[in-house]
Peer 1: 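First the structure, then my questions, so here it is.
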Amino acid sequence: MNLSTIYEPKQVEDKIYQLWERSGFFNPDKLSKTAKKPFTIIMPPTNANGSLHAGHGLVLTIEDIMVRYKRMRGFKTLWLPGLDHAGFETQVVYEKKMEKEGRPRFKMAPEELYKEILEFTLENKKNIENQTRKIGASCDWSREKFTLDSDIVKTVHNTFKKLFDDNLVYRGKKIINWCPKHQTSLSDLEITDKEQIDKLYYLKYGPFIITTARPETKFGDKYVVMHPKDKRYKEYKEGQKIKLEWINGQVTATVIKDTAIDMAFGTGVMTITPWHDAVDFDIAERHNLEKEQIIDFQGRLLPIAKEFTGIKIAEARPKIIEKLKSKGLVEKIEDDYKHIVKTCYKCATVIEPQIKNQWFVKMKLLAEPAIKAIEKDEILFIPKHYKKISLHWLKNIIDWNISRQIVWGIPIPAKICEKCQEAVVDIGDEAEASSSPFANARVIVDMGNEAKKCKKCGGELRKETDTFDTWFSSGQWPFASLGYPNSQDYKTFYPTDVMETAGEIIFFWVVRMIMLGLYITKKNPFKNVYLHGLVLDAQGNKMSKSRGNVINPLELTDKYGTDAFRMGLIIGNTPGTSLALDENRIRGYRNFANKIWNAGRFVIANTGGCNIRKKPSLQKRDAKHLAELNKLVADVTQNMDDFKFYIAAEKLYHYFWHTFADKIIEEKKESLKSNDRKIKSSAEWLLLEIYATCLQLLHPFMPFITEEIYTNFLPNWPEKKLLIVENWPYTKTLK
RNA sequence: GGACGGUUAGCUCAAUGGUUAGAGCAUCGCGUUUACAUCGCGGAGGCUAUAGGUUCGAAUCCUAUACCGUCCACCA
């Protein structure tokens, strides 16, 4: 190894990745026949709407470590990569792009928009795949899946049909979260609470004083609600009618008593707007009250507002108050009313609750088996506290709105009667599923055409235009991506072993995968859930485009090498806690890579004739060093099995640098000069043995440099393989 | 209002009830001995947030308090 004293990652990484890809060992079918026991990780499908960020770097590194370790342990190891169309997320990204280009989205035909986003996604695909390779991910590209592949769409449709047939899906006119900017409904998880200070208005409503922060919704209010036990209002009876003067003239109010009222808030009386408030909606449902829309889906007032019709609500509010003042209906106004408003998690627009016909999944029954599985520890969470968090959420679960009014997604395979709104789920004759991923993703899913007229009323049926919440399809990813129900892969690799993803999306994704997996396959989709935290910048701030502190992982791998980048992500990062990504640390691990390189140069130069398979009788001190190494192997193996990669990596770092390089090599320099053949050969064998073993142990963490040295510079001995499929040293110590 | 975390060296974080609580970065001193200056050797830096308790033994387990953070929740 007559090479430079500096390790040059750029001259190594691409070459080595190609070597691995050509070897075929990413594919479990190409591994040794002795590899029988499967080990499976399904990669969280990458959003196909941009580039990799540091968080992806962490996902790929952690999973690659697990996968490389298990592969070396002799498992039939599958790491299945995937891409997510990421419905709403991608459409938002694309709309922003269109906005910049000055092209309004809502003027575009849905098919056109779909086509453009598909093209955009395909462009990103190559980019993302190459970046994934740069991180060193040893995933099986031959099995790559995309959430819009026709076979995936088919699985998703079948699941939807089964839910519908089992009466677990319904189409209902319920109050939903409506984003006026994006013109779609959102699930409860896609809402961000924001604290805000507004005015609180005390208004005279007949004999009552009511409080509201949203006078613009009050046009249609005709129910006045109070707590049944409120003594202040005991003279008013349920159902009692009261004539009173309101914004646009006289109205008749009806008294309603409901325990949802907080007697301590304001005056203990409120009027309700069931169309635009979830609490009010519930009250109206309980008492079977009329509901009326006041604000349209663009956020403008409807004709019920008379002279305010067509005005945006923010603009209308002060004008309405002016009118109320002129009529003497304003009692007082508080300026510092602090309250929570719901906003769209993507654009921060204030959510306007609306009543709309939407598709919902009943979650209570689906949650029960998941609760049991988690309580019985059939699924283990790392870190443990996520068990409690999941259970708490599952036990308080509410129905899930799975329909979105966006084009970029899997169409909901249903028809709806124009007349009576009866829905038919019609998955029809789908085209045969294709085995080729992504390329065959279809723009529009073929729907069966059997149902033409409504069975109930004979009315015309129209195709549903809504698409699924993207999490509805990714919630089925473990079994869908493996080709449920008939494929050999599904039979071999499901249930999977580990689901590794960001703790942030535990409700969005992980828990829903458990529910849907159990519902469809009757099996837990995975045995372990490993959740990592956020990757923050060096100052501990969340990375965001607006803050301008986004770290591009590729810049770091370029600067310091992928191996150093990976070590920087792993060491000091315990599961579940966020990690401040400090460039200085990565530089430290680049130095470590260099240490490995130079120690290699020394070992190889001084052990030329040594055959590692022929162990000489060791000097006493050397035997002690070997015993110490074996202790390290046992410890590290245990750490790997316990998912404690941060400890394993740190131990290896320390052993290699401060024990092997600093002490053992220095000590053996004398022995290597010795004329006593016994002393010399003992030292040579020991150095080579320790060095080779360290390369094996370090390989999951630092795959490039270790493979490069192991394969290209270490002497050849019988049965030596590519490091990626070399036996994990533990198997040696077992003998 | 509920739930879940966290508090350890200047900074970022480890520590599987058991020697003297460890790393990296930063810092200070010394050192070019042909594997490596992307280096080596050495040092300084801690009442492990606070107060109790359990234990032969606690950073670690329990209780309370304080502060920081995250998530969930329908107060108009």
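Letters A, B, ... are given to chains in the order of the sequence lines, protein chains preceding strands, and every chain is numbered from 1.
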Peer 1: A:Q638: what forms a side chain to side chain contact (heavy atoms under 4.5 Å, CB included) with it, not counting sequence neighbours?
Peer 2: A:D642
Peer 1: Could you check which of B:G40, B:A35, B:A14 has an atom nearest any side-chain atom of A:I665?
Peer 2: B:A35
Peer 1: Which nucleotide, B:C72, B:A35, B:A15, lies nearest any side-chain atom of A:Y646?
Peer 2: B:A15
Peer 1: If we ignore angles and hydrogens, is there a donor and acceptor under 3.5 Å between the side chains of A:S185 and A:K356?
Peer 2: no
Peer 1: For A:K673 and B:U33, what is the distance between atoms NZ and P respectively, to the nearest whole Å?
Peer 2: 13 Å
Peer 1: Any N or O donor-acceptor pair linking the side chain of A:E666 to the base of B:A35 at under 3.5 Å?
Peer 2: yes
Peer 1: In whole angstroms, how far is the P atom of B:C4 from the NE2 atom of A:H392?
Peer 2: 8 Å
Peer 1: For A:W393 and B:U70, give me the distance from atom CH2 to atom P, rounded to whole Å.
Peer 2: 21 Å
Peer 1: Using a strict 4.0 Å threshold on nitrogen-to-oxygen distance, state whether A:E583 and A:R585 make a salt bridge.
Peer 2: no
Peer 1: Are A:K222 and A:E290 within salt-bridge range, i.e. N to O under 4.0 Å?
Peer 2: yes
Peer 1: Does A:H276 reach the main-chain N or O of A:Q354 with its side chain, forming a donor-acceptor pair under 3.5 Å?
Peer 2: no
Peer 1: Determine the contact category for A:K651: base if any of its heavy atoms lies under 4.0 Å from a base atom, sugar-phosphate if only primed atoms, P, OP1 or OP2 are that close, otherwise nothing.
Peer 2: base
Peer 1: With respect to the side chain of A:N591, which nucleotide from B:A15, B:G24, B:U38 is positioned closest?
Peer 2: B:U38
Peer 1: For the side chain of A:Y653, counting heavy atoms from C-beta on, which of B:C4, B:C39, B:G24 is nearest?
Peer 2: B:G24
Peer 1: Of the nucleotides B:C71, B:C4, B:U38, which one has an atom closest to the side chain of A:N594?
Peer 2: B:U38
Peer 1: Out of B:C4, B:C72, B:C41, which has the shortest distance to the side chain of A:D662?
Peer 2: B:C41
Peer 1: Can the positive tip of A:K174 be found less than 6.0 Å from the middle of the six-membered ring of A:F281, inside 45° of the ring normal?
Peer 2: no
Peer 1: Would you indicate what A:K595 reaches in the nucleic acid, counting non-hydrogen atoms under 4.0 angstrom: base, sugar-phosphate, or nothing?
Peer 2: base
Peer 1: Closest approach of A:L394 and A:I371, non-hydrogen atoms and distance?
Peer 2: CB-CG1, 3.7 Å
Peer 1: Choosing from B:C4, B:C36, B:C71, which nucleotide comes nearest the side chain of A:N598?
Peer 2: B:C36
Peer 1: Salt bridge check, A:E13 against A:K10: does any charged N sit closer than 4.0 Å to a carboxylate O?
Peer 2: no
Peer 1: At under 4.0 Å between heavy atoms, what does A:Y7 touch on the DNA or RNA strands: base, sugar-phosphate, or nothing?
Peer 2: nothing
Peer 1: Given B:G40, B:G24, B:A15, identify the nucleotide with an atom nearest to the side chain of A:R585.
Peer 2: B:G24
Peer 1: What do you reckon, are the aromatic ring centroids of A:Y589 and A:F565 less than 6.0 Å apart?
Peer 2: no
Peer 1: Let me know the distance between CD1 of A:I6 and C1' of B:U38, rounded to the nearest Å.
Peer 2: 7 Å
Peer 1: Give me the ring orientation class for A:Y530 and A:F643: parallel if the planes are under 30° apart, tilted from 30 to 60°, perpendicular past 60°.
Peer 2: tilted
Peer 1: From the options B:C71, B:A35, B:C4, select the nucleotide whose nearest atom is closest to the side chain of A:H385.
Peer 2: B:C4
Peer 1: Name the stems that RNA chain B belongs to, where each is three or more consecutive Watson-Crick or G-U pairs with both distances under 3.5 Å?
Peer 2: B:1-7 with B:66-72, B:10-13 with B:22-25, B:27-31 with B:39-43, B:49-53 with B:61-65
Peer 1: For nucleotides B:C28 and B:U63, find the distance between their P atoms and express it as a whole number of Å.
Peer 2: 46 Å
Peer 1: Dump the pairs, protein N or O against N or O of nucleotides 74-76 of chain B, anything under 3.5 Å, distances to one decimal.
Peer 2:
from  : atom 1 : to     : atom 2 : distance (Å)
B:C75 : O2     : A:D262 : OD2    : 2.3
B:C75 : N3     : A:D262 : OD2    : 3.0
B:A76 : OP2    : A:Y337 : OH     : 2.4
B:A76 : O5'    : A:Y337 : OH     : 3.0
B:A76 : O2'    : A:T211 : O      : 2.9
B:A76 : N7     : A:T211 : OG1    : 3.2
B:A76 : N6     : A:D262 : O      : 2.7
B:A76 : N6     : A:F265 : O      : 2.9
B:A76 : N1     : A:D262 : N      : 3.2

Peer 1: Scan A:T273 against the nucleic acid and name what it touches under 4.0 Å (heavy atoms): base, sugar-phosphate only, or nothing.
Peer 2: nothing
Peer 1: Choose from B:U38, B:G5, B:A35 the nucleotide whose nearest atom is closest to any side-chain atom of A:A661.
Peer 2: B:A35
Peer 1: What is the distance, to the nearest angstrom, from the OH atom on A:Y691 to the P atom on B:A35?
Peer 2: 15 Å
Peer 1: If you measure from the P atom in B:U32 to the same atom in B:C11, how many Å do you get, rounded?
Peer 2: 35 Å
